[in-house]
Every structure is written in C-alpha cells, then in structure tokens.
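Read the numbers this way: they start at 1 and go in the same order the structure lists the ligands and their atoms. Nothing fancy with the numbering, it's 1 onward along the sequence. All values below were derived from every heavy atom in this structure, side-chain atoms included, with hydrogens, water molecules and symmetry-related copies excluded. None of these values were measured; they are calculated from a predicted model.
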Amino acid sequence: MNIFDQMYIGGEWVDCSSSKVIEVENPATEEVVGTVPAGTRADVLKAVASARSAFESWQRSTVGERKELLQRVSDGIARRTGELAVAISVEVGSPMRIAGPIQAGLPKTVVDSYVDLLESFEFEHKVGNSLVVREAAGVVGAITPWNYPLHQIVCKVAPALAAGCTIVLKPSELAPTAAYLFADILHEAGVPAGVFNLVSGHGAAVGEAIAGHPEVDLVSFTGSVNVGKRVGELAAANITRTALELGGKSASVILPDADLAKAVKVGVHNAFLNGGQTCMAWTRMLVHADQYDEALAIAASVAASYFPGDPLDPATRLGPMASAAQRERVERLIGVAIGEGASVVAGGPGRPVGQDRGHYVSATVLADVHPDSTIAQEEVFGPVLSMIRFNDEEEALRIANNSAYGLSGAVWSTDERRAIDFARRVRTGQMDVNGGRFNPIAPFGGYKKSGIGRELGVAGLEEFLQMKAIQL
Ligand code: NAD
C-alpha cells in the first residue's frame with residue numbers, strides 16, 4: 001500500500017486541511033492499493049500563496065541555475081525509473097512493456113530536452129527600437145489526467161521551471177503516486193521552497209480552486225473536453241491565460257499505393273497503445289474500398305495478439321481499463337456502434353474470457369463504421385478501432401476532417417510527396433507520414449476541440465513565457 005498523508009507545499013510535506021482521503025485502486029485486481037489526501041480549497045490557497053511568494057526570486061534565477069536543477073531532476077527520474085514504472089502500471093493498468101519506456105522513460109527525455117533547449121533559447125531579441133524580453137508567465141496552475149500521469153505532469157513542470165515560473169500541481173486522483181514520487185525527486189534535486197507545490201484531491205474541489213484563483217497567472221490543463229471547458233470558464237472570470245490539451249479522434253489514412261500490411265499493423269498497435277487510453281491514438285482507420293476486406297483480416301489478426309493480462313507480466317500487451325467508469329464507457333460505446341450498424345471483426349462487448357475481475361475489455365475492431373456514427377465521432381478511450389471505407393483521396397480527406405477533434409493522425413503512401421500534401425490538408429496539430437515516429441521536441445497540441453496551445457519543445461516553453469517590449 002502507498003499511503004500518502006501529506007501534501008508538498010512551500011518546500012516541505014505538510015498536513016492537509018481535511019482528514020478525508022481518496023482511495024487509489026489497482027484496476028487489474030480492483031483492490032485498494034493506496035490513499036492520498038483529499039485536498040480542499042484551503043490547501044490550494046496555501047499552495048498558491050507559497051508559489052506567489054517564491055515567484056519573486058525564482059523568476060530572477062539564472063538560466064544556468066534552472067538548467068542545473070532540471071539536470072538533477074532528470075537524474076532523479078533515471079534513478080527511480082523502475083519504481084515509477086511499477087507505480088504507474090499498478091494504478092493505470094499500463095503493461096510493463098510500455099510503462100518502463102513510455103510512462104517512466106519519456107518524462108526523462110522531456111526534461112532532458114529542456115536542459116538542451118536552455119543552452120540555446122534566446123530569451124531576448126531586438127526589433128526596431130525595442131528590446132523584446134521573454135519573462136516567466138508567473139504562477140502556473142497545472143491540472144493533469146491519469147493516462148500518462150508522469151508524462152503529462154512533466155510536459156508542464158519542466159518547461160514551467162525552465163521559464164522561471166512557479167507551480168501548483170493537481171494530479172489525477174485516479175493515478176496520483178507518480179506525482180508524489182516526482183515531488184520527492186524535485187525536493188531531492190533542490191527545487192527552492194515554494195517553486196513547486198503539490199495538492200492532491202478531486203477536480204471539483206482542488207481543480208476548480210486552482211482554475212478560478214485570481215493569483216494564478218496561467219492554467220495549464222490536460223484532460224477531457226468537458227472539464228477543459230469548465231476550467232476555461234473559471235479562468236476567464238479572471239482573464240487568466242489557459243492552455244488546454246484535450247481529447248482526440250485521430251484518423252490513419254491508408255492511401256491505395258501504401259504498404260497495406262505495414263500501415264494496418266502499425267495502425268492497430270497505435271490504436272491499442274495503453275489500452276487505447278491515449279489522446280493521440282489513431283482510432284479511425286481509413287482504407288480504400290478495394291483493400292478494405294484485406295485490411296480487416298490483417299487488423300483482426302493483429303488485434304488477436306492483444307489478449308488481456310496482468311499489466312505487471314512483461315508479456316502482456318493489453319491491461320485493464322484504468323477504472324470501472326472507463327470500462328463501462330467502452331462497453332457502452334461498443335454497444336452503440338453495433339446498434340448503429342457496425343460489425344465486430346475482433347473482440348466485441350462483454351468481459352474477456354478468463355478475466356473475472358479487473359476492468360478488462362477485449363481489443364475490438366469494428367467494420368462497416370459510418371463516418372458520422374457515434375463510434376466514429378466520440379472519443380472512446382479504450383482499445384476500439386473503427387475501420388472506415390473510402391473511394392477516393394478527396395473522400396478520405398473529408399472523412400479525416402469530419403471530426404470535432406483535431407489532435408493527431410497519420411497518412412500512408414509510397415509517394416512521400418503525396419502523403420505530405422495530404423498531411424497539410426488535415427486539420428490536426430500532428431500528422432505522421434508512413435509511421436514517422438513520435439518527436440518529443442515537436443509542438444504537440446490540437447486544432448478544434450482538441451485544445452488551445454502547444455506542449456513540448458520550443459512551443460512548450462513559450463506557453464510559460466510572457467513578452468515585454470522595452471523601447472529604447
Ligand atoms: P478529466 O477531464 O476527467 O480529468 C483531468 C483532470 O481534471 C483530473 O486531474 C481531474 O481531477 C480534474 N478535474 C475534474 N473535474 C474538474 C473541474 N471541475 N475543475 C478542474 N479540474 C477538474 O480527464 P481524465 O479522464 O483524467 O483523462 C482523460 C482525458 O484526457 C481524455 O479526454 C484524453 O483525451 C485527455 N488527454 C489529452 C491529452 C492531450 O495532450 N491532448 C493527453 C492525455 C489525455
């Protein structure tokens with residue numbers, strides 16, 4: 001059991017203002033594996049006050065000091081990678097084969113990218129008779145989800161520290177342990193008192209108190225569209241800047257001249273990564289009508305390798321959904337899809353054979369999905385791939401863009417120029433050509449309802465800066 005009974009505020013572990021706790025569940029066993037304090041508005045007030053007073057000196061820290069701090073944070077993550085990976089696997093249900101390299105490994109890569117960026121980033125430049133200086137945005141309220149719990153924290157905390165901001169973090173109540181371990185890592189790395197503060201708790205209490213606090217200069221939120229809207233409304237009341245990283249319903253478009261087998265295989269793996277609980281997952285696969293049946297057969301055979309198992313077993317590819325609510329959502333949406341005319345070519349509704357406890361669902365491939373249907377429009381956040389036919393490239397483009405979201409996507413063609421031209425016409429923040437790999441220094445974020453703003457790399461640092469023009 002991981003029992004955390006304090007919060008990290010003002011450089012030390014302090015008691016919560018309430019004695020209420022939140023139980024943390026292992027979604028594979030449905031057993032309680034830990035507790036964290038259920039923070040209150042009073043804890044947020046204290047944390048914001050601490051971040052505000054620390055901002056006075058931290059904003060004036062040198063680039064060298066911030067770089068050294070981030071380097072020590074990176075070293076701390078490296079030392080505790082194994083512990084972080086297991087903690088996240090146990091709380092989220094992520095299979096260890098991805099918990100190590102992605103859940104714990106990627107955050108280190110992101111911190112390192114900001115150590116590198118601080119070597120070269122120009123915080124000042126001249127334009128005409130002005131000196132333009134990029135200053136720290138101020139006190140950052142960071143609110144994060146459970147699916148990649150440490151990565152999403154680091155995508156905010158690393159650039160915020162690099163910029164000279166101070167932070168109040170509220171991690172997801174479903175998977176909070178990584179945030180606690182990270183607070184320890186920051187403390188050991190010597191983060192100055194008040195520069196980083198952790199308040200655990202529910203969204204309605206702690207999240208809303210952060211988003212609506214007038215002394216927070218920037219709210220950086222990752223999560224669902226509905227909560228993002230609420231966060232935006234609360235922040236707007238104070239004209240507080242917001243960065244919103246929300247959901248997705250991304251399309252992988254396989255043009256007829258593509259390597260079909262490779263495109264389908266990579267597409268299925270992408271859709272089912274972390275049990276499909278990935279905001280940038282390609283959950284719609286668009287295939288030319290002439291190749292559709294062949295693509296279905298390949299997809300079904302790849303899906304069959306995703307049999308559900310214990311996330312801690314290194315052979316497991318598919319863990320449980322992170323919560324009972326998430327499992328119910330996936331089951332419900334598969335049912336709705338079938339009701340709207342989709343047919344099941346792999347998986348389907350109901351508890352997978354042999355899994356009588358845990359929030360397991362089957363890796364599911366659906367055929368005959370209409371582009372306007374619920375399953376093609378709503379973010380499922382589970383291992384459910386919708387296969388959609390197209391007859392020509394223009395129709396493929398219309399279907400790819402037929403979404404309220406615009407986070408990510410893919411296009412496949414042996415003609416790279418054709419694929420890049422297609423990628424330019426898709427209204428999303430990222431597009432991968434022929435399986436182009438994830439780039440941790442490329443801007444990440446969404447068009448349309450997928451959000452406002454960008455994380456990672458230079459764009460991710462700029463989110464945490466203000467610009468001042470000094471006329472000479
Ligand atoms: P969620 O919106 O339910 O919760 C996210 C965070 O907001 C949690 O910490 C939660 O406690 C908090 N919260 C809840 N209600 C709140 C309120 N009223 N005010 C303030 N904060 C509140 O999302 P989730 O279920 O944790 O995560 C899944 C969602 O996150 C999916 O929609 C997914 O696409 C999205 N996501 C987006 C990205 C991205 O970078 N675009 C990355 C990962 C996840």
Side-chain angles (χ1 to χ4, degrees), residues 22 24 27 36 38-39 41 44 91-92 94 102-103 106 110 141-156 168-176 178-179 198-213 216 219-235 237 240 242-250 273-281 283 321-327 329-330 378-382 403-408 428-430 438 440 442-456 459-460 463:
I22 299 173
V24 182
V36 291
R41 177 171 291 275
V44 172
E91 290 178 3
V92 179
S94 293
I102 301 182
Q103 295 282 19
L106 183 56
V110 171
I143 304 174
T144 54
W146 46 264
N147 56 332
Y148 292 91
L150 184 59
H151 172 64
Q152 283 135 356
I153 288 170
V154 164
C155 282
K156 301 182 190 314
V168 176
L169 167 70
K170 189 208 98 62
S172 167
E173 60 275 34
L174 284 179
L198 168 70
V199 182
S200 58
H202 291 292
V206 176
E208 298 219 357
I210 291 174
H213 197 304
V216 169
V219 182
S220 179
F221 170 82
T222 301
S224 61
V225 171
N226 282 341
V227 177
K229 269 190 212 163
R230 177 72 183 139
V231 165
E233 282 164 9
L234 290 165
T240 300
T242 43
L244 303 175
E245 296 288 338
L246 310 176
K249 191 75 207 178
S250 301
L273 179 71
N274 202 28
Q277 300 166 120
T278 304
C279 53
M280 62 194 296
T283 50
M321 298 292 90
S323 65
Q326 200 55 38
R327 178 179 187 281
R329 176 181 172 78
V330 175
E378 277 201 31
E379 185 181 52
V380 179
F381 235 51
S403 175
Y405 293 106
L407 190 57
S408 182
T428 61
Q430 292 220 337
F438 181 74
F444 181 88
Y447 286 28
K448 303 192 264 181
K449 286 205 170 65
S450 290
I452 301 172
R454 292 293 180 271
E455 293 195 322
L456 299 176
E463 287 285 357

For ligand 1, what is the set of protein residues having any non-hydrogen atom at a distance below 4.0 Å?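 Within 4.0 Å of ligand 1, protein side: I143, T144, P145, W146, N147, Q152, K170, P171, S172, E173, G203, G207, E208, F221, T222, G223, S224, V227, R230, V231, E245, L246, G247, C279, E379, F381, L407, F444.
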
Using side chain to side chain contact (heavy atoms under 4.5 Å, CB included) as the criterion, list what pairs up with [X], not counting sequence neighbours.
X	answer
S403	K249, R284, Y405
T278	Y148, L273, N274, M280, A281
R230	E208, E233, L234

Where the side chain of Q430 meets the backbone of P443, is there a donor-acceptor pair that is under 3.5 Å apart? yes

Would you call F221 and L244 a side-chain contact if the rule is heavy atoms closer than 4.5 Å?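 Answer yes - side chains close enough.
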
Using side chain to side chain donor-acceptor pair (under 3.5 Å) as the criterion, point out the one residue from Q277, Q152, Q103 that pairs with N147. Q152

